[in-house]
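Here the structure is laid out as structure tokens; the discussion comes afterwards.
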Number of protein chains: 2
Amino acid sequence: MGISRTPLIRGTLTPLILKALSREPRHGYAIAAWIQERTESVLQVEEGVLYPALHKLEEAGLLGAHWGQNETGRRAKFYALTDQGRARLREEVAQWKRGSAAVDAVLDTAEG
Amino acid sequence: MGISRTPLIRGTLTPLILKALSREPRHGYAIAAWIQERTESVLQVEEGVLYPALHKLEEAGLLGAHWGQNETGRRAKFYALTDQGRARLREEVAQWKRGSAAVDAVLDTAEG
DNA sequence: TAGTCTTACCTATGAACCATAGGTATACCC
DNA sequence: GGGTATACCTATGGTTCATAGGTAAGACTA
């Protein structure tokens with residue numbers, strides 16, 4: 001199947017995670033699955049990357065967390081955006097748009 | 001003046017530099033100026049970032065370098081793409097397009 | 001029922017990359 | 001002669017992700 005993976009662009013993991021939680025709370029494993037699905041497996045967030053990132057975002061006050069269970073009754077840690085997290089998401093998206101547009105402006109330059 | 005600077009997206013400096021040299025050789029200072037101009041000062045490559053990167057790319061065989069002089073007769077080190085560098089540029093651009101499109105696919109998701 | 005797979009969590013270590021803060025030297029302009 | 005712009009350089013540090021582990025419980029299967 002899709003071995004079409006691309007390394008994460010540095011700095012994008014935070015907005016990706018925040019975005020994954022913008023609609024509803026999700027547990028870590030589901031966040032990774034959602035990102036993978038959305039990108040048709042181009043982006044795959046390894047667990048060794050994901051969990052430390054979640055802990056950091058929680059510690060920074062961007063996420064709240066509580067233990068619950070998934071649909072099949074299994075224990076899982078659910079994360080939800082705080083107001084701060086939601087504000088941060090807006091900033092991160094804006095910065096990404098600005099930054100990536102600038103990179104495109106260079107790379108799309110016609111060459112001789 | 002444009003204090004509208006955005007931090008470099010990690011991993012993009014290499015393609016930016018290679019692209020700056022894809023039309024003609026340039027010296028370091030001019031590479032930074034060209035990127036800044038192309039992005040209307042959104043991207044500003046600090047010298048402490050630029051020069052080590054150039055040395056590394058040269059060492060990796062992606063760039064060739066020689067001392068010369070600029071239009072005003074001043075000494076400057078000119079860098080030019082090697083064949084390997086040109087090939088690498090293509091790869092880097094392709095990877096950027098893939099990666100940034102994937103990030104967009106996530107961040108542009110409609111939220112509830 | 002033993003073994004394997006999937007879900008779901010976690011930590012530790014290292015490499016790569018950029019930001020910052022310095023520093024040198026020459027030319028030009030006032 | 002002093003300041004500004006050009007043009008090069010190094011050293012140090014923080015952030016971020018990749019990799020490689022490890023735990024545990026439920027589910028499926030031989």
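Bear in mind that the values here come from a model prediction, so they are computed numbers and not experimental data. Just so it is clear: chains get the letters A, B, ... in the order the sequence lines come, proteins before strands, and each one is counted from 1. Hydrogens, waters and symmetry mates play no part in the numbers below; they use all other heavy atoms, side chains included.
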Original post:
What is the per-nucleotide protein-contact pattern of nucleotides 3-10 of chain C, from the 5' end, where B denotes a base atom under 4.0 Å from a protein heavy atom, S denotes such proximity for sugar-phosphate atoms only, and - denotes neither?
Top reply: ---BBBBB

Original post:
How close or far is atom C1' of dA19(C) from atom CG of Leu13(B), stated in whole angstroms?
Top reply: 12 Å

**OP:** Grab the CD-C1' distance between Gln69(B) and dT6(D) for me, whole Å please.
**Re:** 14 Å

**OP:** Select from Gly73(B) and Val49(B) the residue whose nearest nucleotide in DNA chain C is closer to the 5' end of that strand.
**Re:** Val49(B)

Original post:
Around Glu24(A), counting heavy atoms of other residues, nucleotides and ligands shown, do more than 12 lie under 6.0 Å from its CD?
Top reply: yes

Subject >> Distance, rounded to the nearest Å, where Leu8(A) contributes CG and dT16(D) contributes P >> reply: 13 Å

Original post:
Roughly how far, to the nearest 0.5 Å, is the OG1 atom of Thr14(B) from the CZ atom of Arg88(B)?
Top reply: 6.0 Å

Original post:
Looking at Ala32(B) and Leu50(B), what are the two nearest heavy atoms and their distance?
Top reply: CB-CD2, 3.9 Å

**OP:** Tell me what Thr14(A) touches on the nucleic acid: a base, only sugar-phosphate, or nothing, going by heavy atoms under 4.0 Å.
**Re:** nothing

Original post:
Separation of Glu46(B) atom CD from dG23(C) atom P, in whole Å?
Top reply: 17 Å

Subject >> Residue pairs involving residues 33-53 of chain B (criterion ring pair (Phe, Tyr, Trp, His ring centres under 6.0 Å); sequence neighbours excluded) >> reply: none

**OP:** Inspect the contact between Asp108(B) and Arg38(A) and indicate whether a charged nitrogen and a carboxylate oxygen are less than 4.0 angstrom apart.
**Re:** no

**OP:** Report which part of the nucleic acid Pro52(B) touches: base, sugar-phosphate, or nothing (heavy-atom distance under 4.0 Å, all strands).
**Re:** base

**OP:** To the nearest Å, give me how far apart NZ (Lys56(A)) and C1' (dT11(C)) are.
**Re:** 16 Å

What's touching nucleotides 12-14 of chain D from the protein side, N or O pairs under 3.5 Å?
| from | atom 1 | to | atom 2 | distance (Å) |
| --- | --- | --- | --- | --- |
| dG14(D) | N2 | Arg10(B) | NH1 | 3.1 |

**OP:** Describe, in one word, how the ring planes of His27(A) and Phe78(A) are oriented to each other, choosing from parallel (under 30°), tilted (30 to 60°) and perpendicular (over 60°).
**Re:** perpendicular

Original post:
Could you state the CD1-C1' distance from Ile9(B) to dT16(D), rounded to the nearest angstrom?
Top reply: 14 Å

**OP:** Please determine if Arg5(B) and Glu46(B) form a salt bridge, counting it only when a charged side-chain N lies under 4.0 Å from a carboxylate O.
**Re:** yes

Original post:
Between atom CZ in Arg26(B) and atom P in dT6(D), what is the gap in whole Å?
Top reply: 15 Å

**OP:** Over all heavy atoms of both residues, which pair between Ile35(B) and Ile17(B) is shortest? Give the atoms and the distance, please.
**Re:** CD1-N, 4.5 Å

Original post:
Once you round to the nearest 0.5 Å, how far does CD1 of Ile31(A) lie from CG of Leu21(A)?
Top reply: 4.0 Å

